[in-house]
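To start, the structure under review is shown below, and the notes come after it.
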Amino acid sequence: MPVAKPSATSRSELSGTPPAGPVLGSEFFDRDTVAVARDLLGKVLVREVEGRLLWGRLVEVEAYLGPDDLAAHSSGGRRSPRNEVMYGAPGHAYVYFTYGMHWCANVACGDMGECQAVLIRALAPMAGAEAMWEDRPAARRTTDLCSGPAKLCQALGITGSDNGADLIAGDRGIVVLSDGCAPPRRPGNGGRTGIVVATERPWRWWVEEDPNVSRWTPRV
DNA sequence: CTATAGATGCCCT
DNA sequence: GGGCATCTATAGC
């Protein structure tokens, strides 16, 4: 599995090996999407790219629940090349392009033919911060590196070429693993970010008190 | 610290 | 053409 074997050119400051613990498998992702979202808090996203190994702990997520969710890209059963991955097997990455310049990463959940996903909104950087700084010159503090869905994609070098990646097999250097850190018993919970309030439902969860959670002011 | 404008390209109830 | 699951720089307290 690619991320378990860092290449010889890994930078020394990345400390070489990711946290010990099992990579999440299909039994994790092929469940109710809300349960997957909540349980992803505290898990570790590991990324191997260009011989570098980076990882961070998930501290903020949002669920998008398919045809009946007006805010989802799959709302109303819409199906297109863009959202095709969400209809496929759970545990695959749905990476989309937005605002003309940003990538955002999701994990597809639910059975084949369903179209649900969890958006990864923020990470607490754990290793590879040097590489993250290089890819995020606008960041001023460590908490600027991964405190937003597009920020963390930039920090980890995740782009459209990673759309459809199998996070269970780690076929493109991305996996999620558990290092034994349990999800918070009482996570923060509220409306999703950037969604028109009238269509909104409380499907955003975060780790309370974590400084890497994205800040957000509701749109009027 | 908060508030606001502008960037920029793909998608399309 | 309008909107977008966003971010950054800048202005103003």
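Side chains are part of it too, since the values below use all heavy atoms of this structure and drop only hydrogens, waters and symmetry mates.
The distance between atom CG of A:L70 and atom P of C:dC4, rounded to the nearest whole Å, is 12 Å. Regarding A:I120, its CD1 atom lies at a distance of 17 Å from the P atom of C:dA5, rounded to whole Å. If you take CD of A:Q116 and P of C:dA5, they are 17 Å apart, rounded to a whole angstrom. As rounded to whole Å, 12 Å separates atom C1' of C:dT6 from atom CG of A:L152. To the nearest angstrom, P of B:dC1 lies 11 Å from CG of A:D144. Taking atom NE2 on A:H102 and atom P on C:dT6, their separation rounds to 9 Å, with Å as the unit.
Of the candidates C:dC7, B:dT8, C:dA5, C:dC7 carries the atom nearest the A:K151 side chain, counting heavy atoms from C-beta on. When the nucleotides C:dA5, C:dT8, C:dC7 are ranked by their closest atom to the side chain of A:M86, C:dA5 comes out on top. Among the nucleotides C:dT6, C:dA5, C:dA9, the one closest to the side chain of A:A138 is C:dA9.
If you check every strand for non-hydrogen atoms under 4.0 Å, A:R204 touches nothing. Backbone-only engagement by A:G148 is indicated by non-hydrogen atom pairs under 4.0 Å involving sugar-phosphate atoms exclusively.
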* **Trace of the side chain to side chain contact (heavy atoms under 4.5 Å, CB included) decision for A:V36 with A:F28** => CA-CA 7 Å; A:V36 173; A:F28 182 91; 3.8 Å; yes

* Test A:Y87 against A:S74 for side chain to side chain contact (heavy atoms under 4.5 Å, CB included), laying out the working first. => CA-CA 9 Å; A:Y87 287 87; A:S74 51; 4.0 Å; yes

* Asked: So A:R121 and A:W206, side chain to side chain contact (heavy atoms under 4.5 Å, CB included) or not? Walk me through it.
  -> CA-CA 9 Å; A:R121 286 198 55 87; A:W206 62 91; over 6 Å; no

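The backbone N or O of A:D144 lies less than 3.5 Å from a partner atom in the side chain of A:R136, making a donor-acceptor pair.
Contact annotation: the side chain of A:R31 approaches that of A:D39 to within less than 4.5 Å [non-hydrogen atoms, C-beta and beyond].
With hydrogens and angles left out, the side chain of A:Y99 and the base of B:dA7 share no donor-acceptor pair within 3.5 Å.
Using a 30° and 60° split on the angle between ring planes, A:F97 and A:W103 fall in the tilted class, from 30° to 60°.
Under 4.0 angstrom from either OP1 or OP2 of B:dC1 there lies no side-chain N or O belonging to A:R215.
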Pairs: protein N or O with nucleotides 10-13 of chain B N or O, under 3.5 Å:
from	atom 1	to	atom 2	distance (Å)
B:dC12	OP1	A:S80	OG	2.9

